[in-house]
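Below is one structure, written out as structure tokens; comments come after it.
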Amino acid sequence: RFQRLDFVYLNAGIMPNPHVNFKALWHGLLTGRVLHMLTTAEGIMTQTDRLNGDGLQEVFATNLFGHFILVRQLESLLCGNEKPSRLIWTSSSNARESAFSLSDYQHAKGQESYSSSKYATDLTSVVLNRKFNKQGLYSSVVCPGLVMSNMTYRILPVFLWKLLMPIMWLIRFFAKTYTLTPYNGAEAHVWLFRQKPEYLDALVKYHSCTSGLGKSYVEPRKIDVDEETAEKFYQKLLELEKQALERYSDLLD
């Protein structure tokens with residue numbers, strides 16, 4: 001039906017069995033790092049991952065690898081067109097290098113699979129730009145901020161979120177990434193739709209932000225990635241893709 005794709009938004013994500021480390025949160029309060037922890041979930045959020053039906057870690061497969069397979073399959077519709085094509089990945093401020101390891105890139109041995117998968121997303125976007133910008137394909141990563149969604153509501157009981165909501169509105173005066181609503185969280189996604197990709201920085205993540213008075217805006221922040229690590233990880237993704245395609249070659253035919 002289509003000769004080209006202008007935009008592909010890569011937004012699927014899961015955070016199974018999330019747990020809050022209240023001890024770490026209390027320590028952050030005592031050490032003055034609590035605002036940083038509340039805006040990035042660093043050190044206070046863990047998950048219990050599992051294998052999916054393909055034998056892959058579920059969070060890695062959902063948050064990144066499925067998207068990667070899709071992009072690779074759509075490559076002929078994304079590259080070499082008169083107008084640029086765009087990939088826009090939903091990443092997170094929770095993406096941290098400390099949660100990611102090349103030797104365990106599916107994060108089978110850790111408890112921060114969400115953070116690892118989002119850092120892996122940042123790495124992937126960086127390499128895609130380096131390899132495909134000359135063919136007219138551009139990749140960007142965004143962070144929607146803290147949005148009250150079905151994923152968020154699984155972290156704590158719903159009644160507790162309702163009790164905390166007035167506090168969260170106050171926190172937004174200091175933590176601008178507390179976008180809270182899906183409408184505010186989509187600010188960076190919509191903003192990127194209007195930009196010329198040639199002028200965007202491939203090493204920047206675009207964060208949806210909301211002021212204490214409710215004004216939405218976009219804040220660019222440098223991605224903390226090592227480009228050599230990114231390239232090595234990309235090669236591992238290609239190897240895993242080859243294995244997956246061989247396994248399901250009958251279906252693809």
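Side-chain atoms are counted along with the backbone in the values below, which use heavy atoms only and exclude waters and symmetry mates. Index from 1, following the sequence.
- In the hydrophobic cluster analysis, where Ile, Leu, Val, Met, Phe, Trp and Tyr join through side-chain heavy atoms closer than 4.5 angstrom, L87 is grouped together with V225.
- With values rounded to the nearest 0.5 angstrom, E187 atom CD is found 12.5 Å from E219 atom CD.
- For the pair V71/V8, no side-chain contact is recorded, criterion being any heavy-atom separation below 4.5 Å from C-beta on.
- The shortest non-hydrogen separation linking S140 to L192 is CB-CD1, 3.8 Å.
- Taking the salt bridge (charged side-chain N to carboxylate O under 4.0 Å, His left out) definition, one finds that K236 meets it with nothing, sequence neighbours left out.
- A distance-only check finds no donor-acceptor pair linking the side chain of T210 to the backbone of K176 [under 3.5 Å].
- Note that the CD atom of Q135 and the SG atom of C79 stand 4.5 Å from one another [nearest 0.5 Å].
- Considering only heavy atoms from C-beta on, H207 stays 4.5 Å or farther from V218 through its side chain.
- Summarising the local packing, CD of Q235 is surrounded by more than 12 heavy atoms from other residues, nucleotides or ligands at distances under 6.0 Å.
- A donor-acceptor pair under 3.5 Å links the side-chain atoms of T152 to the main chain of V147, judged by distance alone.
- Under the 4.5 Å side-chain heavy-atom criterion for ILVMFWY residues, a single connected hydrophobic cluster contains both V141 and V127.
- Residue pairs satisfying the salt bridge (charged side-chain N to carboxylate O under 4.0 Å, His left out) criterion with at least one member in residues 122-144, sequence neighbours excluded, are listed as follows: D122-K205, R130-E227, R130-E231, K131-E231.
- M151 and V142 are assigned to two separate hydrophobic clusters, defined by single-linkage of ILVMFWY side chains at heavy-atom distances under 4.5 Å.
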Donor-acceptor pairs are to be reported for all side-chain atoms of residues 193-202 against protein atoms at under 3.5 Å, with residues two or more places apart or in another chain.
| from | atom 1 | to | atom 2 | distance (Å) |
| --- | --- | --- | --- | --- |
| Q195 | NE2 | W191 | O | 2.9 |
| D201 | OD1 | L203 | N | 2.8 |
| D201 | OD2 | K222 | NZ | 2.8 |

Q: Verify side-chain hydrogen bond (donor to acceptor under 3.5 Å, both in side chains) between T124 and T121, making sure each step is shown before the conclusion.
A: CA-CA 5 Å; T124 304; T121 297; over 6 Å; no

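- Counting heavy atoms of neighbouring residues, nucleotides and ligands inside a 6.0 Å radius, atom CD of E241 exceeds 12 of them.
- Inter-residue side-chain proximity for Y119 and R96 is flagged as unmet; no heavy-atom pair is nearer than 4.5 Å.
- A heavy-atom distance below 4.5 Å is found between the side chains of V204 and Y206.
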**Q.** Step-by-step side-chain contact (heavy atoms from CB on, under 4.5 Å) determination, Y234 to L123
**A.** CA-CA 8 Å; Y234 189 82; L123 293 174; over 6 Å; no

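- From Y178, atom OH reaches atom SG of C209 across 13.0 Å, with rounding to the nearest 0.5 Å.
- T181 meets the side chain to side chain donor-acceptor pair (under 3.5 Å) test with N184; sequence neighbours excluded.
- In this structure, L70 CG and L74 CG are separated by 4.5 Å, a value rounded to the nearest 0.5 Å.
- Using modelled atom types, one finds a donor on one side chain and an acceptor on the other under 3.5 Å when comparing D226 with T229.
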**Q.** side-chain hydrogen bond (donor to acceptor under 3.5 Å, both in side chains) evaluation trace for S139 with W89
**A.** CA-CA 8 Å; S139 180; W89 303 75; 2.9 Å; yes

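- Side-chain contact between M168 and W161 is present, with at least one heavy-atom pair separated by less than 4.5 Å.
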Q: Determine, step by step, whether F60 and L240 satisfy the side-chain contact (heavy atoms from CB on, under 4.5 Å) criterion, reporting the C-alpha distance in whole Å, the side-chain angles of both residues, the deciding distance to 0.1 Å, and the verdict.
A: CA-CA 12 Å; F60 164 81; L240 191 61; 3.5 Å; yes

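- Minimum heavy-atom separation, K118 to S92: CG-CB, 3.8 Å.
- In summary, the aromatic rings of Y105 and F233 are positioned with their centroids under 6.0 Å apart.
- The environment of Y183 atom OH is sparse: at most 12 non-hydrogen atoms of other residues, nucleotides or ligands sit within 6.0 angstrom.
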Q.
Under the criterion side-chain contact (heavy atoms from CB on, under 4.5 Å), I'd like the reasoning laid out for L237 against F65: C-alpha separation, chi angles, the key distance, then a yes or no.
A. CA-CA 8 Å; L237 286 178; F65 190 58; 4.0 Å; yes

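- Applying the side chain to side chain donor-acceptor pair (under 3.5 Å) test to S116 and every residue at least two apart in sequence or in another chain returns nothing.
- Taking 4.5 Å as the limit, every side-chain heavy atom of L10 sits out of range of all side-chain heavy atoms of T90.
- Rounding to the nearest 0.5 Å places CD of Q73 at 10.5 Å from CZ of F68.
- Between N133 and L137, the shortest heavy-atom contact is ND2-O, 2.8 Å.
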**Q.** Stepwise side-chain hydrogen bond (donor to acceptor under 3.5 Å, both in side chains) test for Y248 and D54
**A.** CA-CA 10 Å; Y248 294 106; D54 298 316; 2.3 Å; yes

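- Here the OG1-CG distance, from T179 to L146, works out to 6.5 Å after rounding to the nearest 0.5 Å.
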Q: Check the pair E239 / K242 against salt bridge (charged side-chain N to carboxylate O under 4.0 Å, His left out), numbers first and verdict last.
A: CA-CA 5 Å; E239 293 170 10; K242 182 179 179 181; over 6 Å; no

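- In this structure the side chain of Q106 reaches within 4.5 angstrom of the side chain of L56, judged on heavy atoms.
- Under the 4.5 Å side-chain heavy-atom criterion for grouping Ile, Leu, Val, Met, Phe, Trp and Tyr, L64 is not connected to L245 through any hydrophobic cluster.
- Residue L164 is not grouped with residue L170 when hydrophobic side chains (ILVMFWY) are merged at heavy-atom distances under 4.5 angstrom, including chains of intermediate members.
- Between Y138 and the options N129, I88, L78, a side-chain contact (heavy atoms from CB on, under 4.5 Å) holds for only N129.
- Judged purely by atom type and a 3.5 angstrom limit, D6 has no side-chain atom pairing as donor or acceptor with the backbone of S85.
- Taking the side chain as every heavy atom from C-beta outward, P16 and V59 approach each other to under 4.5 Å.
- Among residue pairs with one or both ends in residues 55-69, those qualifying as side-chain hydrogen bond (donor to acceptor under 3.5 Å, both in side chains) are D49-Q57, R50-E58, N63-S117; sequence neighbours excluded.
- Counting only distance, with no hydrogens or angles, the side chain of S91 and the backbone of C143 share no donor-acceptor pair below 3.5 Å.
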